[in-house]
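Let me begin by presenting the structure, written as structure tokens, before commenting on it.
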Amino acid sequence: MNYYKISFSLSRIFLLSAFTFTINLSFAQKTAISLKSAYQDDFLIGTALGTEHILEKNEKANALIKREFNAITPENIMKAQVIHPAPNRYNFTLADKYVEYGQKNQMYVVGHTLVWHSQLPPFVFKISNPDSLRIFMTEHINTVAGRYAGKINSWDVVNEALNEDGSLRKSVFLNKLGEGYIKEAFLLAAKADPKAALYYNDYNIEQPAKRKGAIELIKKLQASGVKIDGVGIQGHWSINTLNLKDIEDSILEFSALGIKIAFTELDLTVLPNPWDLQGADVNQRFEEKPEMNPYKDALPDSVQTVLANRYTDLFKLFLKHKDKISRITFWGVDDNHSWLNGFPIRNRTNYPLLFDRLLEPKKAYQAVLNLKIAK
Ligand code: G3I
């Protein structure tokens with residue numbers, strides 16, 4: 001073999017091994033580094049699933065969900081309107097699939113939600129006497145929480161029972177059953193599924209007045225011997241008004257009650273909010289105007305950066321208090337599938353999550369990941 005032949009063979013071997021190394025490296029980057037693996041020693045990283053995700057309709061979305069998240073919440077399909085559409089009629093098809101999806105992928109499975117004034121089936125509003133409403137609530141919790149006992153890791157037992165000033169919301173439940181309905185709901189859930197962690201879930205409870213109301217509510221439940229394991233701070237916030245001090249104060253104050261904190265519905269709107277609206281009251285809707293939809297075609301890089309910085313600030317805070325936090329769940333998988341495209345103004349283009357409309361990671365994703373892999 002002459003010199004030229006030897007050197008040609010050697011360079012082929014070198015090129016081949018360099019190529020193999022490149023392939024391996026990019027494969028490792030794609031598989032090993034993900035939100036759930038980066039934060040595995042800190043808290044669970046969750047996402048809210050829509051019907052299309054539960055039915056595994058889109059291969060890319062499905063792969064992304066399994067790669068990045070180890071906790072799931074059903075965005076809509078376990079709400080009473082869907083799962084219990086008529087008296088004595090339940091529709092478990094999607095909920096069964098949701099729970100199976102979580103189990104087969106070894107995910108932490110959240111139940112959302114047992115008692116909520118919104119998305120109730122119409123028949124509930126026709127109930128006129130308190131006893132019948134109590135029967136509805138009791139049967140609903142027994143049947144739904146009972147069916148998935150041992151398979152749901154945590155339930156949002158009562159959702160959004162408070163007004164912004166911290167007083168109790170005058171919901172159909174409060175009006176007919178009095179404030180004791182919250183305790184009743186927790187007792188029923190604990191009996192129906194003794195193993196599930198039980199949470200009170202609400203938006204804006206990081207803000208002082210509403211937080212005070214939530215703390216009173218939780219203290220009352222605890223004083224009456226009711227099992228409550230945690231509080232869900234929803235986290236529907238804005239890149240323009242994110243208030244880290246309120247969030248940190250709430251982490252400290254809620255955790256002083258001896259319960260865990262989960263951020264259950266995290267997203268950061270990048271769009272203007274009419275009248276500086278905050279929160280997630282689904283009854284609030286506003287006019288569609290072009291100036292309220294400034295990033296119809298694309299999100300400018302400068303705003304991507306602001307979004308990434310806000311997420312960095314938040315996750316730094318979450319990491320600082322990781323011993324008090326059980327889970328951070330994003331309210332949706334990608335920007336296309338976010339409720340914020342339709343709220344509080346319909347037909348807008350919002351960019352509140354870590355994955356874009358093509359299911360590709362955004363600058364904000366890298367920023368959240370960098371907090372862990374840069375160390
Ligand atoms: O299912 C119907 C469909 O049949 C119909 O064709 C379509 C037409 O508009 O509506 C569909 O229902 C919509 C449902 O989402 C499912 O997509 C409702 O109109 C719509 O109001 C509903 O919005 C949900 C909202 O809760 C109200 O319940 C959002 O997707 C969901 O993200 C949002 O989630 C809540 C949490 O549960 C609690 N905290 C606040 C959070 C944001 O509002």
Side-chain angles (χ1 to χ4, degrees), residues 46-55 57-58 61 71-86 91 93-95 97-98 109-122 124-125 140 144 152 154-164 169 171-173 185 199-207 210 214 230-238 261-269 271 273-274 277-286 288 327-348 350-353 355:
T47 187
L49 299 187
T51 303
E52 67 275 27
H53 305 121
I54 296 164
L55 298 179
K57 295 222 160 169
N58 177 323
I72 50 174
T73 304
E75 185 175 358
N76 286 302
I77 56 101
M78 274 188 162
K79 292 171 181 173
Q81 194 180 57
V82 182
I83 209 169
H84 190 173
N91 183 356
T93 315
L94 282 168
K97 288 207 163 74
Y98 163 77
V109 182
V110 178
H112 176 83
T113 171
L114 291 171
V115 179
W116 189 26
H117 65 277
S118 190
Q119 279 190 298
L120 280 169
V124 174
F125 295 102
H140 181 78
V144 178
I152 292 276
S154 94
W155 269 109
D156 292 338
V157 178
V158 175
N159 195 43
E160 303 174 5
L162 292 165
N163 293 314
E164 297 309 284
R169 184 193 285 270
S171 68
V172 60
F173 297 105
Y199 276 66
Y200 173 72
N201 191 50
D202 210 333
Y203 59 86
N204 287 351
I205 47 171
E206 73 285 354
Q207 294 178 17
K210 201 164 178 179
V231 62
I233 300 176
Q234 292 186 3
H236 295 295
W237 294 317
S238 156
I261 294 128
F263 289 86
T264 50
E265 304 185 13
L266 180 59
D267 48 27
L268 296 179
T269 181
L271 297 182
N273 262 339
L277 174 90
Q278 288 185 335
D281 190 329
V282 284
N283 297 317
Q284 293 172 294
R285 289 206 180 264
F286 300 87
E288 297 170 34
R327 169 172 58 94
I328 310 291
T329 288
F330 293 89
W331 203 239
V333 175
D334 62 274
D335 287 342
N336 198 33
H337 151 248
S338 166
W339 73 295
L340 288 171
N341 295 309
F343 177 88
I345 300 175
R346 287 195 177 86
N347 300 319
R348 295 201 295 178
N350 211 331
Y351 304 80
L353 297 167
F355 295 93

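This one's a predicted model, so the numbers in the text were calculated from it and none came from an experiment. Start at 1 and go down the list; that is how both ligands and their atoms are numbered.
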Practice prompt. Apply side-chain contact (heavy atoms from CB on, under 4.5 Å) to the pair T73 and R327, showing each step before the final yes or no.
Written response: CA-CA 11 Å; T73 304; R327 169 172 58 94; 3.7 Å; yes
Item to complete: For ligand 1, find out whether one of its N or O atoms is nearer than 3.5 Å to an N or O atom of N76.
Response: yes
Response to the item:
Heavy-atom proximity to atom 39 (N) of ligand 1, picking from H337, R346, E265, Q119, points to E265
Practice prompt. Pick one of side chain, backbone, both or neither for how T113 approaches ligand 1, counting any non-hydrogen atom pair under 4.0 Å.
Written response: neither
Discussion item. Taking 4.0 Å as the limit for heavy-atom contacts, which would you say applies to W331 with ligand 1: side chain only, backbone only, both, or neither?
Written reply: side chain
Worksheet entry | Numbering as shown, the atoms of ligand 1 that approach N159 to under 4.0 Å (heavy-atom distance) | 38 (C)
Item to complete: Mark yes or no for whether Y203, through its side chain, and E265, through its backbone, hold a donor-acceptor pair below 3.5 Å.
Response: no
Worksheet item: For atom 26 (O) of ligand 1, which candidate among Q81, E160, K79, H236 provides the closest heavy atom?
Response: K79
Worksheet item: Can you find an N or O of W339 that's nearer than 3.5 Å to an N or O of ligand 1?
Response: no
Discussion item. Would you say that F343 contacts T269 through its side chain, given a criterion of any heavy-atom pair below 4.5 Å between the two side chains?
Written reply: no
Item to complete: Describe, in one word, how the ring planes of H140 and H84 are oriented to each other, choosing from parallel (under 30°), tilted (30 to 60°) and perpendicular (over 60°).
Response: parallel
Worksheet item: Just wondering, do L94 and L55 contact through their side chains at under 4.5 Å, heavy atoms?
Response: yes
Practice prompt. Quick one: look at W116 and ligand 1, take heavy-atom pairs under 4.0 Å, and tell me if it's side chain, backbone, both or neither.
Written response: side chain
Practice prompt. Just say parallel, tilted or perpendicular for the rings of H112 and W116, cut-offs at 30° and 60°.
Written response: tilted
